[in-house]
There are 2 protein chains.
Amino acid sequence: MALSAPANMPLCGGDQIPVRLEKREVPVHSPKRVLFLDLVLSLFRLNGLLIAEGDAMTKQLGLTHARWKVIGAIALSSAGLTVPGIARVLGQSRQAVQRITDVMVEDGLLLYTENPKHKRSALVTLSEDGKETYNMLREVQDPWAIENTEDIPTEELETTLRLVRRLIKKFN
Amino acid sequence: MALSAPANMPLCGGDQIPVRLEKREVPVHSPKRVLFLDLVLSLFRLNGLLIAEGDAMTKQLGLTHARWKVIGAIALSSAGLTVPGIARVLGQSRQAVQRITDVMVEDGLLLYTENPKHKRSALVTLSEDGKETYNMLREVQDPWAIENTEDIPTEELETTLRLVRRLIKKFN
DNA sequence: GTGTAAATGACAACATGCTGACATTAATCC
DNA sequence: GGATTAATGTCAGCATGTTGTCATTTACAC
């Protein structure tokens, strides 16, 4: 992706002249509306950066973000997932997930296993290769997660996760 | 997108049988690493839901998420943006933004205006049509932002925004 | 100034994601 | 049980996004 912007820069490009359709010095103490829209824009940006991080991290494993997202969703699920279930967890269309999982089954990373609760909709599980890949994924992902949170208080992470889930519930 | 999952469901599909590669009852009080990975997965999901929200909201305006993101980034910038600048704000590649802005200039929503600071890299600005579109966008976006934050304390929004920006800075 | 590195525009190839449509299966209501 | 509604698999068309590459311009170190 190759990004290199000043980081807390939701409102300026850093190298341009004023246009100013709206005044917005936002750091703190701005109305909730502005705060929220800023948050949304920042979330878009963080989303892109997280995908870039993951891709860089998993390049050596031959994974792409579409793939490690699926593997991660399956591995973190405690109950087994169908294709539409993965799509719901990832906030994507079931068709997009179906295409990825089809290829990953062909590649031997995933298996479609019988679903006792649904004749047509198979459970998507990790094959032996898939589990091995997941373990290698963990080997890079865990240190990354630890490293990037060591200076962040647990309470802030919890507050953020709670808010994010609250928003997810709203938009579901 | 058509999503309808139980909302705080990072770990189960809701309609499957156990697979359990890893135990993870997460609601609170889990190690930071797990908390963080949960947050990342939730952010992916929220990202998808926010895009779906925006698309539904702007359908009548003939906008797509690629377009309202660009319009939003330009409108919220206080200093004017170049194509690579928009890409940095949105966490995308400059090529993807270039393609969208080229089409939007053709469609009369944007203008490339001379950049005194850079001979080749034009500033992207809203045309009259673009400003009108942005105003219509605001008319649906503002009530949406207000409505979705009325039950959320400002402090939580600020904490979350601060954390998100902190992560952006890390991954930049 | 000069040379080197970085940023930018342009193009191509490819991966990913969405919507719409249709048929089939599952769930629900009566 | 039967009918209706919802969920799922499948396919097609299209929009979006990424990487790679190359030429040009800008920025920077010396």
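In what follows, chains are A, B, ... by sequence order, proteins preceding strands, each numbered from 1.
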Let's see if you can work this out: which of [options] has an atom nearest to the side-chain heavy atoms of [X]?
X: A:R94; options: C:dT16, D:dG17, D:dT10; result: D:dT10
X: B:K69; options: D:dA7, C:dC18, D:dG17; result: D:dG17
X: B:P84; options: C:dT8, C:dT19, D:dT18; result: C:dT8
X: A:A66; options: D:dT10, D:dT8, C:dT16; result: C:dT16

Legend entry - Donor-acceptor pair, side chain of B:K32 and main chain of A:I146, under 3.5 angstrom: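 Not a single qualifying donor-acceptor pair exists.
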
Inset, instruction - Answer yes or no: is there a donor N or O on one side and an acceptor on the other, between the side chain of A:R165 and the main chain of B:S42, under 3.5 Å? - result: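 Answer holds: no.
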
Using whole Å, what does the distance between atom [atom2] of nucleotide [N] and atom [atom1] of [X] come to?
X: B:R67; N: D:dC14; atom1: CZ; atom2: P; value: 16 Å
X: B:D102; N: C:dG9; atom1: CG; atom2: C1'; value: 9 Å
X: B:I100; N: D:dA15; atom1: CD1; atom2: P; value: 10 Å
X: B:H118; N: C:dG9; atom1: NE2; atom2: P; value: 7 Å
X: B:N115; N: D:dT25; atom1: CG; atom2: P; value: 15 Å
X: B:Q98; N: D:dT19; atom1: CD; atom2: P; value: 17 Å
X: B:N47; N: C:dC18; atom1: CG; atom2: P; value: 10 Å
X: A:L63; N: C:dA15; atom1: CG; atom2: P; value: 15 Å

OP1, OP2 of [N] versus side-chain N and O of [X]: anything below 4.0 Å?
X: A:R88; N: D:dT8; answer: yes
X: A:S121; N: C:dT25; answer: no
X: B:Q92; N: D:dT16; answer: no

Legend entry - DNA chain D: 5'-proximal contact among A:R99 and B:R120 (nearest heavy atom):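 Checking each residue's closest nucleotide, the 5'-ward one belongs to A:R99.
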
Inset, instruction - Identify, between A:K59 and B:H65, the residue whose nearest nucleotide on DNA chain D lies closer to the 5' end. - result: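 Closer to the 5' end of DNA chain D: B:H65.
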
Inset, instruction - Determine the sole option in B:T58, B:T133, B:D107 for which the side-chain hydrogen bond (donor to acceptor under 3.5 Å, both in side chains) test with B:R67 is passed. - result: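 Answer after filtering B:T58, B:T133, B:D107: B:D107.
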
Inset, instruction - Look at A:K170 together with B:D151 and state whether they make a salt bridge at an N to O cut-off of under 4.0 Å. - result: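 Yes.
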
Legend entry - Test applied, side chain to side chain contact (heavy atoms under 4.5 Å, CB included); reference residue, B:L163; option that passes from B:L161, B:L167, B:T160: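 Single side chain to side chain contact (heavy atoms under 4.5 Å, CB included) partner of B:L163 among B:L161, B:L167, B:T160: B:L167.
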
